[in-house]
> 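Before I ask anything, let me first share the structure, which is written out below as structure tokens.
All heavy atoms count here, side chains included; hydrogens, waters and symmetry mates do not. The chain is numbered in sequence order, starting from 1.
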Amino acid sequence: NEEICFSGDVLFKDAVGGGPADVVQHSVMEGLMTLAPATRVLPGHTEEEGFKWCIAGIERCLPKAEQCGVMLALENHWGLARTPEGLLRILNSITSPWLGGLMDTGNFLEAPYPKLQAIAPKTVYVQAKTYYGGGEWYTLELDYKRIANILRDAGYTGYVALEFEGKENPDTAVPKSIKLLRRAFA
């Protein structure tokens, strides 16, 4: 049937919680936001099938992204893209100037720097996490000068967005975070 599902981290064909392909393709962001937010592991299916569905689903969205001038960025965020190998498997399987990686600096919880370095060449957008006041779910002490160097070495010249996930009042934590990132990426 003609349905795909975006489940937060992976696209699944014919999955529960999906929607008609034309709805998803009508407006990439609008369509994706109306679909099920929870990541699903479908009983009786393999991770290999998940990769195939994910790749096929992204390929089906890319013509609309191109038509709208929207870059699709796949985040290193749990699911099939939780490791550099998984993220790069998907990105390297699709040849399109309208698809790249979204580097979330706080989503590789162990040994983040070699993993960030692995995905840096495919990165088209960066979310830099800070955790002033301790993290909501976890706290990482990230060396943003090191991350900035990793991105520079990969030729990244795009935006770096702040993603604040700390418990400190945002009125004080966000300015501190911006100052930290400006110094690191100067």
Side-chain angles (χ1 to χ4, degrees), residues 6-11 28-29 32-33 37-39 41 47 50-51 54-55 58 61-62 65 70-186:
F6 181 82
S7 62
D9 301 311
V10 284
L11 291 163
V28 174
M29 289 305 294
L32 293 177
M33 295 305 288
T39 301
V41 176
E47 187 174 83
F51 275 108
C54 180
I55 291 163
I58 292 171
C61 292
L62 283 168
V70 174
M71 174 68 85
L72 297 183
L74 181 63
E75 185 176 350
N76 58 313
H77 192 277
W78 321 127
L80 298 175
R82 72 187 176 281
T83 64
E85 296 79 15
L87 179 72
L88 293 172
R89 178 177 175 181
I90 296 165
L91 294 176
N92 290 333
S93 295
I94 302 169
T95 304
S96 172
W98 297 98
L99 176 67
L102 188 161
M103 177 190 285
D104 186 317
T105 61
N107 282 353
F108 292 136
L109 304 184
E110 297 168 355
Y113 306 109
K115 294 173 184 176
L116 295 172
Q117 187 171 20
I119 68 169
K122 293 284 188 175
T123 296
V124 297
Y125 192 75
V126 176
Q127 291 175 184
K129 278 194 178 124
T130 62
Y131 306 91
Y132 288 106
E136 290 293 330
W137 299 277
Y138 55 86
T139 303
L140 295 177
E141 296 296 326
L142 295 168
D143 180 345
Y144 275 105
K145 287 186 180 187
R146 185 172 178 181
I147 293 169
N149 286 331
I150 288 169
L151 288 163
R152 273 190 210 97
D153 290 347
Y156 182 76
T157 58
Y159 290 100
V160 176
L162 169 62
E163 183 176 356
F164 175 63
E165 287 194 358
K167 294 178 184 174
E168 185 174 319
N169 183 322
D171 291 340
T172 58
V174 169
K176 286 196 289 191
S177 299
I178 290 170
K179 185 177 179 180
L180 169 77
L181 294 175
R182 283 184 173 155
R183 270 193 247 147
F185 285 89

> Considering all heavy atoms of both residues, which atom of Ala154 and which atom of Ala120 are nearest to each other, and what is their separation?
CB-CB, 3.6 Å
> Taking all non-hydrogen atoms of both residues into account, name the closest pair between Val70 and Trp98 and its distance.
O-CE3, 3.5 Å
> Applying side-chain contact (heavy atoms from CB on, under 4.5 Å), name anything that partners Pro112, two or more places apart in sequence or on another chain.
Phe108, Leu116, Leu142
> To check you understand the geometry: which heavy-atom pair defines the closest contact between Pro84 and Ala118, and what is its length?
CB-CB, 4.0 Å
> Measure from the side-chain N and O atoms of Tyr125 to the backbone N and O of Ala161, and report whether any donor-acceptor pair falls under 3.5 Å.
no
> Got a donor-acceptor contact below 3.5 angstrom from the Lys115 side chain to the Glu110 backbone?
yes
> At what distance, to the nearest 0.5 angstrom, does CD of Gln117 lie from CD1 of Ile150?
5.5 Å
> I need the Ile147 CD1 to Met103 CE distance, nearest 0.5 Å.
7.5 Å
> With Ser177, which residues qualify under side-chain hydrogen bond (donor to acceptor under 3.5 Å, both in side chains), at least two apart?
Thr130
> Enumerate the residue pairs fulfilling side chain to side chain donor-acceptor pair (under 3.5 Å) with a member in residues 152-162, sequence neighbours excluded, ordered by first and then second residue.
Asn149-Arg152
> Looking at Asp143 and Tyr113, what are the two nearest heavy atoms and their distance?
N-OH, 2.8 Å
> Can you name the nearest heavy-atom pair linking Leu72 to Leu62, along with the distance?
CD1-CD2, 3.8 Å
> Just to verify, what does Asn169 make a side-chain contact (heavy atoms from CB on, under 4.5 Å) with, not counting sequence neighbours?
Asp171, Thr172
> Measuring from atom CG of Leu102 to atom CG of Leu87, what distance do you get when rounded to the nearest 0.5 angstrom?
9.0 Å
> Rounded to the nearest 0.5 Å, how far apart are CG of Leu181 and NZ of Lys145?
12.0 Å
> Restricting to salt bridge (Lys or Arg N to Asp or Glu O under 4.0 Å), what partner residues turn up for Arg82, sequence neighbours left out?
Glu47
> Give me each pair satisfying salt bridge (charged side-chain N to carboxylate O under 4.0 Å, His left out) with a member in residues 83-96, each pair once, sequence neighbours excluded.
Glu48-Arg89
> Between NZ of Lys122 and CG of Leu88, what distance do you get to the nearest 0.5 Å?
7.5 Å
> Taking side-chain hydrogen bond (donor to acceptor under 3.5 Å, both in side chains) as the definition, give me every residue that meets it alongside Tyr144, ordered by chain and number, with sequence neighbours left out.
Thr105
> Roughly how far, to the nearest 0.5 Å, is SG of Cys61 from CD1 of Ile94?
9.5 Å
> Do you know which two heavy atoms are closest between Pro170 and Pro175, and how far apart they sit?
O-CD, 3.6 Å
> Of all residues at least two apart in sequence or in a different chain, which pass the salt bridge (Lys or Arg N to Asp or Glu O under 4.0 Å) check with Glu168?
Lys176
> Name all pairs fulfilling the salt bridge (charged side-chain N to carboxylate O under 4.0 Å, His left out) condition that reach into residues 127-141, sequence neighbours left out, sorted by first residue then second.
Asp104-Lys129, Lys129-Glu165
